[in-house]
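Each chain gets a letter, A, B and so on, in the order its sequence line appears, and its residues count up from 1.
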2 protein chains.
Amino acid sequence: MTIYDIAKKCNVSIATVSRVLNGSRRVSPETRERVLAVMKEEDYNPNPFARGLGLDSMKMIGVLCADVADTFYAKAVSLIENDLRQKDWNVVLCCTGSDDGKGAEYLRYLTQKHVDAIIIVGTPFSSRRDVAELERISSDIPIITINSDYHSPSAFSIVCDEKEGMRTIVKKLAEKNCSSILYLYDSLTYSGKQKLAGYRAGIDDFFLDAAPVLAQKIPRTLEAAENIVRKLIANDIFFDAIVTSEDLLAVAAQRAALKNGKAIPVIGCNNSILAECSTPTLTSLDNRLGDLCTMAVHTVTQLMSDRSAPVPTKTVFSAQIAERESFVFSVNQ
Amino acid sequence: MTIYDIAKKCNVSIATVSRVLNGSRRVSPETRERVLAVMKEEDYNPNPFARGLGLDSMKMIGVLCADVADTFYAKAVSLIENDLRQKDWNVVLCCTGSDDGKGAEYLRYLTQKHVDAIIIVGTPFSSRRDVAELERISSDIPIITINSDYHSPSAFSIVCDEKEGMRTIVKKLAEKNCSSILYLYDSLTYSGKQKLAGYRAGIDDFFLDAAPVLAQKIPRTLEAAENIVRKLIANDIFFDAIVTSEDLLAVAAQRAALKNGKAIPVIGCNNSILAECSTPTLTSLDNRLGDLCTMAVHTVTQLMSDRSAPVPTKTVFSAQIAERESFVFSVNQ
DNA sequence: TTGTAGGCGTTATCAT
DNA sequence: ATGATAACGCCTACAA
């Protein structure tokens, strides 16, 4: 079933069918009706490749992240996909896995499919070569980044101010008379650095214990978090609160702390379902993922619809705090 | 940069360039080198739309599920995407959200993009019309289903025998002298029905308490699970074990049970990260998602590479049990 | 309002 | 081994 078949059945030219297809007003109502009827009757779908060839677009957006199995990225991809589909855009998913210097390769997968734009969630790669490739690409096709610090001429950056968020958390803990805050983190991506910086800023602000041993970099696993907490306690390292760069780590840290008789505030990050599944439920830094994703999609559609529309190069949202059992900041706790 | 430009720069015809592009052996080594060199030099990428138009394929697979934000689907999509990319296939993601009779619409999004095949994870839709649309489509394009019971002429079904899995769990609980097993479930999709049937079969096998009140259908939320457990206990409904159709429900159920002084076995399903984040960690029915997805991708690639290859219409994996703290079956627990 | 014809960038079938 | 050339199915000036 092609545009020719439809044209023949309607006794019109393919141009007319094409016009109906694209909603042109330069078609008489009667012919339009007739063509539409035949189209429906024949269950006709225009060939997207041919259309893509002509329009240089198949209305597809590449979404790149490290791993959709991770609750944070999963939520992001979910939000993005839903928003985009509502506006008639499709998502081509691309997961890089661990950051082993193959980011450029993944970027190429996407550009080779000729997607209209790429949304990058987090920091799926960081090597010089990969970032260089990103810059090159960004001059050809719009790149929208969520919570990363890739800088490219035509890249649009959307971030959450997690640094201030962390700083606020430390502040609130300080106000509750915590003096030695253990900080567990798993990576030094953009987001990772921001959070660590926020933690350190908070420590400075309130002259809290700044011992290096209190900031521990560990793998992003339950075991790692559990082990480090157990070990620190066994070694008589004092701390009276735990903050982590990830809910997952907080879950295990809290578990280990409680198991070793330490009932102290534990605060996670990302405000994921894990925070709610933990017992006690975890207070968590909420990085406004919903707003970030909405903004990303809005930016994409804006750029696509109106090339000259003014689109902010950088958008910043402030973090929020989702309070739960693991630490309630309000007075009447 | 088109094939014409490359051809011109190499003083050959586009046919030769195309041959090089497609790895044909009918090109002299010297010309091949020359063409490849120019291609690299010019950073040439063949236009995927034009190629798609000629080959009637852009090597894209549609993946349809209810919601990638859900840990189960997220893991599935992650596994599928990784496997497919390794074989040079791309994933177009499509999430339906709640089953509100618009499944056909989502199927159409995918077919309109002319994907080469569709992998459906779970039961994203169930209405008559939606399923009818699926059947229609399945005659045009390969459909691979994971853990659903859509029956179509040319659909390939890959499932886990969760019924037997559940039955085994009930059996093991019975052997530990549990007599009244509370079963919490959230939906009656194919998978949902299987699990419920397995639970009932187990109850029958061992003449356990078959009171209807012990099988409760609730929303898939922590609150719902927590509430129902609290309510049952408050109403003096006796039960000495809890099994759920979802880890999420088990997390909350266990929490509520413990809070109300009931330290009983709690067993979830899907063996997700939630089972590990729960305290105590949850024993969970493992539906072999990894194997299901691997098989799905294998089926797709098989179908694509060799149209005549014998591909099983239905593949069944048996479930496994991931034992954790919430209930250890071994003797020396 | 409608039709004609060229172009989009490949692949593939012929010749040579 | 290489080169013309016809599809592939649609869009879009330009003409009528």
Side-chain angles (χ1 to χ4, degrees), chain A residues 1-39 42-60 88 90 111-116 140-141 304, chain B residues 1-39 42-60 88 90 111-116 140-141 304-305 307:
Chain A
M1 232 346 98
T2 76
I3 204 173
Y4 288 94
D5 303 320
I6 302 293
K8 199 164 295 174
K9 275 198 200 301
C10 296
N11 291 317
V12 295
S13 73
I14 62 163
T16 300
V17 178
S18 178
R19 286 193 198 96
V20 171
L21 217 47
N22 296 291
S24 163
R25 297 178 314 130
R26 304 190 168 288
V27 186
S28 78
E30 305 91 62
T31 29
R32 176 192 308 287
E33 286 314 307
R34 192 148 39 96
V35 173
L36 284 175
V38 173
M39 280 180 175
E42 301 291 333
D43 191 29
Y44 165 73
N45 280 121
N47 183 305
F49 305 146
R51 185 171 243 189
L53 193 55
L55 299 176
D56 198 37
S57 161
M58 262 183 67
K59 300 215 73 170
M60 299 193 310
D88 197 29
N90 278 75
T111 51
Q112 276 171 10
K113 288 303 174 213
H114 217 298
V115 295
D116 296 281
D140 300 333
I141 158 188
M304 295 300 138
Chain B
M1 231 350 93
T2 76
I3 204 173
Y4 286 94
D5 303 320
I6 303 292
K8 199 164 295 174
K9 276 198 201 301
C10 297
N11 291 317
V12 295
S13 72
I14 61 163
T16 300
V17 178
S18 180
R19 286 194 196 97
V20 172
L21 216 46
N22 296 290
S24 161
R25 295 178 317 129
R26 303 191 169 287
V27 186
S28 77
E30 305 91 63
T31 31
R32 176 191 308 287
E33 286 313 309
R34 194 150 37 98
V35 173
L36 284 175
V38 173
M39 280 180 173
E42 301 291 333
D43 191 30
Y44 164 73
N45 281 122
N47 183 304
F49 305 146
R51 189 171 240 185
L53 191 56
L55 298 175
D56 197 37
S57 161
M58 261 183 68
K59 300 214 71 170
M60 299 193 308
D88 198 29
N90 277 75
T111 51
Q112 276 171 9
K113 286 303 174 212
H114 217 299
V115 295
D116 296 279
D140 300 332
I141 158 188
M304 296 300 139
S305 66
R307 289 189 64 90

Nearest whole angstrom, please: distance from the [atom2] of [N] to the [atom1] of [X].
X        : N     : atom1 : atom2 : result
A:Asn11  : C:dT2 : CG    : P     : 12 Å
B:Met1   : C:dG9 : CE    : C1'   : 13 Å
B:Ile3   : D:dA7 : CD1   : P     : 18 Å
B:Glu42  : C:dG9 : CD    : P     : 15 Å
B:Met58  : C:dG9 : CE    : P     : 15 Å
B:Arg19  : D:dG3 : CZ    : P     : 8 Å
B:Glu33  : D:dT2 : CD    : P     : 13 Å
A:His114 : C:dC8 : NE2   : P     : 14 Å

Contact class for [X] vs. all strands (heavy atom < 4.0 Å): base, sugar-phosphate, or nothing?
X       : result
B:Ser28 : sugar-phosphate
A:Arg26 : base
B:Val12 : sugar-phosphate
A:Leu55 : sugar-phosphate
A:Ile14 : base
A:Asp56 : nothing
B:Asp5  : nothing
A:Tyr4  : base

Given side chains that start at C-beta, do those of B:Asp116 and B:Met304 come closer than 4.5 Å, heavy atoms only?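 Yes, at least one pair of side-chain atoms sits under 4.5 Å.
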Could you please name the option among [options] that lies closest to any side-chain atom of [X]?
X       : options                : result
A:Thr16 : C:dG3, D:dC11, D:dA4   : C:dG3
B:Asn47 : C:dC14, D:dC10, C:dT10 : C:dT10
A:Tyr44 : C:dT2, D:dC10, C:dA12  : D:dC10
A:Ser13 : C:dG3, D:dC11, C:dT11  : C:dG3
B:Leu53 : D:dT2, D:dC8, C:dG3    : D:dC8
B:Ala50 : D:dA13, D:dT2, C:dT10  : C:dT10
A:Thr2  : C:dT10, C:dT4, D:dG9   : D:dG9

For B:Ser24, does its backbone N or O pair with a side-chain atom of B:Asn22 as donor and acceptor, under 3.5 Å? no
Exercise: identify the closest heavy-atom pair between [X] and [Y]:
X       : Y        : value
A:Asp56 : B:Phe49  : C-CE1, 3.8 Å
B:Cys10 : B:Val35  : SG-CA, 3.8 Å
A:Met60 : A:Lys113 : CE-O, 4.2 Å

Should B:Arg51 be listed as having a side-chain N or O under 4.0 Å from OP1 or OP2 of C:dT11?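 For C:dT11, OP1 or OP2 has a side-chain N or O of B:Arg51 closer than 4.0 Å.
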Heavy-atom nearest nucleotide on DNA chain D for A:Asn22 versus B:Thr31: which residue maps closer to 5'? B:Thr31
Is A:Lys59 atom NZ crowded by more than 12 heavy atoms from other residues, nucleotides or ligands, each under 6.0 Å away? yes
